[in-house]
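Working notes for the structure below.
Bear in mind that the values here come from a model prediction, so they are computed numbers and not experimental data. Below, read A as the first sequence line, B as the second, and so on, with proteins coming before strands; counting in each chain starts at 1. Computation of the quantities below employed the complete heavy-atom set of this structure, encompassing side-chain atoms and omitting hydrogens, waters and symmetry-equivalent molecules.
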There are 2 protein chains.
Amino acid sequence: MTGSAANGDDILALLRANGLRMTPQRRAIVAEIMATDGHINPADVARRVRQRVPGVNASTVYRTLDMLEDMGVLSHAHLETGAEYHRSSEGLHVHLICSRCGSEDALDAAEIEQLRDVVAQRRRFRPDFTHFAISGICAACAASAN
Amino acid sequence: MTGSAANGDDILALLRANGLRMTPQRRAIVAEIMATDGHINPADVARRVRQRVPGVNASTVYRTLDMLEDMGVLSHAHLETGAEYHRSSEGLHVHLICSRCGSEDALDAAEIEQLRDVVAQRRRFRPDFTHFAISGICAACAASAN
DNA sequence: GTCGTTGCAAAGCGTTTGCAACTAT
DNA sequence: ATAGTTGCAAACGCTTTGCAACGAC
């Protein structure tokens, strides 16, 4: 339930420690995830994995992603297009998404801290800004538009 | 493209001004929306409207919600369960959602302002905190849990 | 009469499920 | 041998689409 596994070996150990098994399908899925920086949605992961290793069923991909999230290897966040997975080891990641052009950026740890403080100032709610993206208008679009 | 219509008459006027028509189906959908505080998703709106006015097709509901959003009468936000519509006239509304118990709360204008400032401090990105919810742990859950 | 609007029916898409066969351990 | 895992195929829920009929203006 913990692990911030950074590589295949760590993940294998994690599975073993929980009585789970490392199958060829899981190897392929983990490899795909580890090869991808940033986020990809379940359907995309399924497509990509199947492209490399034709035998992998989509339902296996969905079940594996769920499992990896339970193990703490993956996390998901909600972007405009829906849920996206990313490696938990990538650390705090708050997505800024331009609603006009779709470009993406990210806040750093200090900024996230400040956002948390604003909320904590008046509420006992402990916000997790990584779970949902923050929509808005990027500098470029603000300059060129309205 | 503008309107913050608060009642049926305003909406009718808005449609007229844009060469659109007020049909019985639209009347039913608008009535349902106006009778609901908070948010409901498209599928729910469809179900509720059909319950009241059996003749209304689901595709009509989807098309009408899209149209009303284009007109500025409705807005949508992204919550854990997906997209939710709400009346634009309800004003700035930032959703705080507890990921443990699902309870909801909202930030007020002053807090939203402060969040904006945090981002503006170092970026030219203009955030819209209303578009995505903010996930986190509510006070009650933080107290009862580990 | 015009043109926006609707219902219908079908299809699309991502996702989930039950179950028998398979296989990592 | 034991349980975890997979593929299959079907079903699911939400949403979209093309098109002919309809109806608000």
Any ring-ring contact (aromatic ring centres under 6.0 Å, His included) pairs touching residues 17-66 of chain A, not counting sequence neighbours? A:His39-A:His95
Here the distance between atom P of D:dT15 and atom CD of B:Glu69, to the nearest Å, is 13 Å
Residues that A:Arg27 engages under side chain to side chain contact (heavy atoms under 4.5 Å, CB included), provided they are two or more places apart: A:Met22
Identify whether any heavy atom of A:Gly82 sits under 4.0 Å from a base atom; if not, whether one sits that close to sugar-phosphate; answer base, sugar-phosphate or nothing. nothing
A:Val94, A:Leu74: one ILVMFWY side-chain cluster at the under-4.5 Å cut-off? no
Without decimals, in angstroms, what is the distance between B:Asn18 CG and C:dT5 C1'? 16 Å
If we fit an axis to the first five pairs and another to the last five of the helix from C:dG1-D:dC25 to C:dT25-D:dA1, what angle do they make, to the nearest 10°? 30°
Calculate the interatomic distance between A:Arg48 atom CZ and C:dG14 atom P; express it in whole Å. 14 Å
Classify B:Arg27 by what it touches in the nucleic acid, base, sugar-phosphate, or nothing, heavy-atom distance under 4.0 Å. nothing
Report the nucleotide, chosen from D:dA24, C:dT15, D:dT5, that has the shortest atom-to-atom distance to any side-chain atom of B:Thr23. D:dA24
Using a 3.5 Å cut-off and no angle test, enumerate the donor-acceptor pairs between side-chain atoms of residues 43-51 of chain B and protein atoms at least two apart in sequence or in another chain.
residue: B:Asp44; atom: OD1; partner: B:Arg47; partner atom: NH2; Å: 3.0
residue: B:Arg50; atom: NE; partner: B:Val56; partner atom: O; Å: 3.2

Residue whose nearest DNA chain D nucleotide is more 5′ - B:Gln25 or A:Arg26: A:Arg26
Linked, directly or transitively: B:Ile112 and A:Ile112 (ILVMFWY side chains, under 4.5 Å): yes
For A:Met67 and D:dT5, what is the distance between atoms CE and P respectively, to the nearest whole Å? 7 Å
Nucleotide D:dG23, atom P - distance to CE of B:Met22 in whole Å: 17 Å
Are A:Phe125 and B:Val118 connected into the same hydrophobic cluster when the rule is that any two of I, L, V, M, F, W, Y join if their side-chain heavy atoms are below 4.5 Å apart? yes
Quickly work out the B:Tyr85 OH to D:dT15 C1' distance and round it to whole Å. 11 Å
Path from A:Ile134 to A:Val119 over hydrophobic side-chain contacts below 4.5 Å: yes
Counting only heavy atoms not in A:Arg123 (residues, nucleotides, ligands), do more than 12 fall under 6.0 Å from its CZ? yes
Between CG of A:Asp44 and C1' of C:dT15 the distance, given in whole Å, is 14 Å
Mind calculating the distance between CG (B:Leu15) and C1' (C:dG4) to the nearest angstrom? 11 Å
Establish whether the base of D:dC25 is bridged to the side chain of B:Arg16 by a donor-acceptor pair shorter than 3.5 Å. no
Give, ordered by number, those residues of residues 54-66 of chain A having at least one heavy-atom distance below 4.0 Å to an atom of DNA chain C; if nothing qualifies, reply none. A:Ser59, A:Tyr62, A:Arg63
Once side chain to side chain donor-acceptor pair (under 3.5 Å) is applied, do any residues pair with B:Glu69, and if so which ones, sequence neighbours excluded? B:His76
